[in-house]
Each structure stands twice: as structure tokens, then as C-alpha cells.
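Scroll down for the structure; my scribbles are underneath it.
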Amino acid sequence: MPEPDIREARVRPGGPPGLTGAALTTCVEAAIAAPSIYNSQPWRFRVRDDGIDVFADWGRRLDVIDPSGRELLISVGAAVFNLRLTMRQYGRTPVLHLPPDAAQPDLVARVVPGPPATPDPSLTALAAAIPRRHTNRRPFARTVVPASVLEELATAAQAEGAMLRVADPVGRGAILSLVRTAERRLRAQGVYRAELTERTPAAHGRSGGVPPNAFGPWDAMEALPLRDFGLTQPLLRRGGERFEPYPTIVVLSTAGDTPQQWLRAGQALQRVLLTATVAGLASTPMSQPLELPRLRRLVTDTAAGQWAQVILRLGYGQPTTPTPRRPLAEVLITPAADPDHT
């Protein structure tokens, strides 16, 4: 999809041509169902006559593991993909703009309804998977993911300008070792543990965050180094379970490492995750090595110019429950709160 730069026009708040207010509300509701690092939901939206603006909510950036905002923009990119996909379901071709605006540095994208579009069964299936996609930190079945399904996931990433590489047995062992090392180094940092506590809403009542029912069990064999959200809650009782010994690991990369590439990575990630959901797969992010620059370089293929953005574990798992989402009113920028509105 072309991404021309456009200047922002001063228009009255309202709905894009041809889309009702109810349709636009549904588009934004789909956007906020996207995954985000620590379920931080770092996005806000503004509906205008000429499209829907997407803003990064930098107040929700994770200072310890995401000082550059890379994972924040990947999260926002996932929301942008849901927005595009849902607009397409309403019969309009979504056109994505990345408008540079020094006066609004938080504005990262605008999605504009383009020409009428005919229904596409494959896109309809992806849209239907939005409410069913949830991060799954539980054990997966010891079932091999078919090569044909992995090819579909790679094609999904490619459609959004990214690359998905499936780790072979040697690569899988190396990546798991890096994840284990990163998890150990992060746990040793008091600021990291404090950030985990802050993003765990059990005792804080905050919107977003990772609730205890999404932590997952202990790995009884300590073979799969998932992020331990229960690290700072010693009174929480979790049973130990055996995880699959040979997980399917994939790495999502982009040809560059700029904020625009991070936004692209998020859109590719969400297309991959929804494609996986349609295929009956569950997923878990395992991107701890990418949060430590020295370890990230070991995953990045600099010779090929591909920068690692996300590491995923894929497999067949039992359904999980959704995590809380910020209310719509909290993420919509209203005319009264819009500094450009007079």
C-alpha cells in the first residue's frame, strides 16, 4: 500500500466520507484490541473528516526495556493494522499516510478511506480473528506446525514489508539461550522488577497491564524462558507445568531500524498473529533479547540488512481469556481536547 506524505488539513471533526459514525467507532474499537508490550496500549485516536489520526501515547512508554520507543511504535503499528483491516471490511480501501508534522510529534499515522473495495474472504477471516487473538503463555501441544502454515505466516509478513524467518533446530537453541540470558540479566535489575510491578494491575486497579490470569504457569523443567510477570508477586500461587520441548520460534525483521520501520513491523506482526489465529495457532512474544542492545545484535542479520524486531513462539494451545482494554473514551481525542480545534 502506498505511503505518500501529506500535509494535515484543518477540518471539522467528523466522519470520513462514506463511513458512518458507528463504523468509525467499530474501527477504533478494533484498533484497541491489538497487542502491545506489557499490554500498555500506548495509542490514541482522533476522528477527522478526512480520516482517522493515530497518535503514540508516550506517557505509556516503558522506560527500562524500551527507552527508544521501538516496542511502543510496534504496538501502535499493530493497532494501525486492525484499523486498516476493519475499514476494509466496511467496503473502503484503507490508505495509510505517515504525515510528518513538527507541531504534532505524537501523530504517527493517518488512515484514510479510499476507493470502494469488494469483499475479500481472506481479509474477512482476519477481521473475524481480531477478538480471538490473545497472547498465550501456557504450554503448547507437542504438535509440529505444518510448513504450509509457516509459509502463510511468512507471506503475511511480506505483505506488510517485513520478513518472517523460522528458526531451524540450531537457531532455535541459540535464540532460546539468548532469551534465557536476557531474562536473567533483566531480572537482576531492580528497575526492571519495579517496572514489572507497575505494569501488573492486580493491586493497582489501572487500565491495561498484564493481569495474573495471563501470567501462565511455571515451566516445571525451566526449559522455556518466558517473561515472568509473577516475579514481583511472591504470594501468587502458580502451579508448575511441562512446556513443549521443541517450540516453534520465528523472528520478524525489517529492512531498517527507523521509527517508520518499527511502525511497519507492528503492522506485519499483527497480520502474522491474525493469520496464525485463523490457522488455530497460539502465540507468545519472547523478545527479551531485543531489549538489550548487545544481545539484539546477535539476532539481527546485519549482512542482509534485516533488523530483528519481534521474536515469537508459535504452537497449538488451549484458548485463553482477553486482557483488559482501556475504555474507548480514554483513547479518543475529543474536539475539546484537540489543540488544533478552535
Side-chain angles (χ1 to χ4, degrees), residues 21-47 52-62 65-66 69 71-90 94 106 108-109 111 126-138 195-216 227 229 263 266-267 269-274 276-278 282-285 287 310 312 317 319-334 337:
L24 292 171
T25 298
T26 302
C27 289
V28 175
E29 287 174 340
I32 64 179
S36 58
I37 180 67
Y38 283 21
N39 192 32
S40 53
Q41 304 169 56
W43 43 60
R44 299 189 74 190
F45 306 89
R46 178 175 60 196
V47 177
I52 299 177
D53 291 345
V54 183
F55 294 82
D57 188 346
W58 291 103
R60 289 183 168 245
R61 180 175 59 85
L62 301 170
I65 68 168
D66 190 29
E71 292 192 87
L72 181 148
L73 287 179
I74 290 175
S75 302
V76 174
V80 168
F81 182 80
N82 278 5
L83 182 58
R84 290 170 49 209
L85 180 61
T86 307
M87 189 175 288
R88 179 66 169 73
Q89 291 307 106
Y90 277 101
D106 297 347
V108 297
V111 182
L126 292 184
I130 289 176
R132 295 188 285 113
R133 181 225 57 83
H134 309 304
T135 297
N136 190 327
R137 299 181 181 87
R138 302 192 63 83
E195 192 166 73
L196 275 180
T197 301
E198 175 65 20
R199 300 293 171 164
T200 303
H204 301 279
R206 59 179 293 147
S207 60
V210 181
N213 63 357
F215 289 177
R227 196 187 301 274
F229 284 97
L263 199 68
Q267 293 173 82
L269 170 65
Q270 182 63 350
R271 189 164 194 146
V272 167
L273 292 176
L274 293 178
T277 301
V278 171
S283 60
T284 318
S287 296
V310 181
L312 289 174
T320 56
T321 57
T323 50
R325 286 297 185 269
R326 299 168 70 181
L328 193 63
E330 189 176 312
V331 299
L332 281 177
I333 297 176
T334 61

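- Between Leu73 and Ala56 the shortest heavy-atom distance is CD2-CB, 4.2 Å.
- Annotation: the span from Leu83 atom CG to Ile52 atom CD1 amounts to 4.5 Å, rounded to 0.5 Å.
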### Task
Would you sort out whether Arg199 and Leu62 count as a side-chain contact (heavy atoms from CB on, under 4.5 Å), showing the intermediate values?
CA-CA 9 Å; Arg199 300 293 171 164; Leu62 301 170; 3.2 Å; yes

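- Although no hydrogens or angles enter the test, the distance criterion places a donor-acceptor pair under 3.5 Å between the side chain of Gln41 and the main chain of Pro324.
- Here CZ of Arg60 is found 7.5 Å from OG of Ser40. Values are rounded to the nearest 0.5 Å.
- Here Gln270 contributes atom CD and Thr277 contributes atom OG1; the two are 8.0 Å apart, rounded to the nearest 0.5 Å.
- Closest approach of Ser36 and Pro42 over heavy atoms only: CB-CD, 3.8 Å.
- Side chain of Asp66 to backbone of Leu72: a donor-acceptor contact under 3.5 angstrom is found.
- Among all heavy-atom pairs drawn from Arg133 and Thr135, the shortest one is NH1-N, 3.7 Å.
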### Task
Would you please test Arg84 and Gln267 for side-chain contact (heavy atoms from CB on, under 4.5 Å) and show each step?
CA-CA 10 Å; Arg84 290 170 49 209; Gln267 293 173 82; 2.7 Å; yes

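- For the atom pair CG (Asp53) and CZ (Arg46), the distance works out to 4.5 Å, reported to the nearest 0.5 Å.
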### Task
Tell me, with the steps shown, if Arg227 and Tyr38 meet side-chain contact (heavy atoms from CB on, under 4.5 Å).
CA-CA 10 Å; Arg227 196 187 301 274; Tyr38 283 21; 3.6 Å; yes

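- Residues passing the side-chain hydrogen bond (donor to acceptor under 3.5 Å, both in side chains) test with Arg61, sequence neighbours excluded: Asp63.
- For the pair Asp57 (side chain) and Trp43 (backbone), a donor-acceptor distance under 3.5 Å is absent.
- Thr323 and Arg325 are linked by a side-chain donor-acceptor pair at a separation below 3.5 angstrom, with hydrogens and angles left out of the test.
- Across all their heavy atoms, Ile65 and Glu71 have their closest contact at O-OE2, 3.7 Å.
- For the pair Ile74 and Ile37, the minimum side-chain heavy-atom distance is 4.5 Å or more.
- Residues Pro35 and Leu273 share a closest heavy-atom pair of CG-CD1, 3.8 Å.
- Taking CG of Leu328 as the start and CD1 of Ile32 as the end, the distance is 5.5 Å to the nearest 0.5 Å.
- With sequence neighbours excluded, the residues forming a salt bridge (Lys or Arg N to Asp or Glu O under 4.0 Å) with Arg138 are Glu241, listed by chain and number.
- Interatomic distance, CG of Leu126 versus CG of Asn82, reported as 10.0 Å (0.5 Å rounding).
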### Task
Starting from the C-alpha separation in whole Å, work towards a yes-or-no answer on side-chain contact (heavy atoms from CB on, under 4.5 Å) for Thr25 and Leu332.
CA-CA 10 Å; Thr25 298; Leu332 281 177; over 6 Å; no

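- Here the closest heavy-atom approach between residue Leu85 and residue Ile130 is recorded as CD2-CD1, 4.0 Å.
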